[in-house]
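Before any comments, here is the structure.
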Amino acid sequence: MNEESIIYVVDDDEAVRDSLRVLLESYGMTVEDFGSIVEFRRGHVAGRKACMILDLHLPGTSGLDYLATRDCPSPLPVIMITARGDAATRKRAREMGAQAFLDKPVSDEALIANIRQAFGEA
């Protein structure tokens, strides 16, 4: 990852956003967080090398709704996180293009590994 890279965290739980920000910034990553897809669409900067950590259950547009409607041809890599997932939802998210589907509380090691993979790092 370079200085231009950014991690977008989209979760309606402020405590989750804060804890992910602290974790990711401790690894030297740049983070912007949003409480909903609407906030994300208003506030993110297109054209930057980025990936998204996306909560499954959000007010308004859910994580799966976002996956179904996200911009193409080169959508952001998405790491889906949830406290209330099941096998069918996990499979659906992966089929819709989520790079990973992680259960909360998220393992720091798994999250960092998936972020590095999203940026094409070993």
Smallest heavy-atom separation, Leu64 atom then Met96 atom, equals O-CE, 3.2 Å
Residues Leu67 and Ala93: closest non-hydrogen pair is CD1-O, 3.8 Å
Residue list, side chain to side chain contact (heavy atoms under 4.5 Å, CB included) with Val22, at least two apart or on another chain
none
Applying a strict under-4.5 Å side-chain criterion to I, L, V, M, F, W and Y, I'd like to know whether Val16 and Tyr27 cluster together.
yes
Set out, in order, the CA-CA distance, both residues' side-chain angles and the distance that settles side-chain contact (heavy atoms from CB on, under 4.5 Å) for Ile112 and Met29, then state yes or no.
CA-CA 10 Å; Ile112 298 303; Met29 298 176 187; 3.9 Å; yes
From Ile79 atom CD1 to Cys51 atom SG, the distance as rounded to the nearest 0.5 Å:
4.5 Å
Phe34 and Tyr8 aromatic ring geometry - parallel, tilted or perpendicular at 30°/60° bounds
tilted
Between CG on residue Leu54 and CG on residue Asp11, distance to nearest 0.5 Å:
8.5 Å
Donor-acceptor under 3.5 Å (Arg21 side chain, Val31 main chain):
yes
4.5 Å side-chain heavy-atom contact, Val9 and Leu24
yes
Distance check, rounded to the nearest 0.5 Å: Glu39 atom CD versus His44 atom NE2?
14.0 Å
Taking it one step at a time, do Arg70 and Val78 satisfy side-chain contact (heavy atoms from CB on, under 4.5 Å)?
CA-CA 10 Å; Arg70 64 191 174 147; Val78 172; 3.4 Å; yes
If two hydrophobic side chains count as joined below 4.5 Å and joins carry through other members, does Val38 share a cluster with Val45?
no
side-chain hydrogen bond (donor to acceptor under 3.5 Å, both in side chains): which pairs involve residues 51-63, sequence neighbours left out?
Asp55-Lys104, Ser62-Asp65
Provide the closest heavy-atom pair for Gly35 versus Leu58 in the form atom of the first, atom of the second, distance.
O-CD2, 4.2 Å
Between the CZ atom in Arg94 and the CZ atom in Phe101, the distance rounded to the nearest 0.5 Å is 10.0 Å
Taking C-beta and beyond as the side chain, do Leu111 and Ile53 meet within less than 4.5 Å on heavy atoms?
yes
Separation of Arg90 CZ from Leu56 CG (nearest 0.5 Å):
10.5 Å
Keeping the roles fixed (side chain from Arg17, backbone from Val10), state whether a donor-acceptor pair exists under 3.5 Å.
no
Value rounded to 0.5 Å, distance of CG in Asp18 from CG in Leu23
12.5 Å
What are the two closest non-hydrogen atoms of Gly43 and Glu32, and how far apart are they?
O-OE1, 3.9 Å
Are Leu20 and Ile7 close enough that some pair of their side-chain heavy atoms sits under 4.5 Å apart?
no
Going through the checks in order, is the side-chain contact (heavy atoms from CB on, under 4.5 Å) test met by Met80 and Tyr66?
CA-CA 11 Å; Met80 183 78 67; Tyr66 172 77; over 6 Å; no
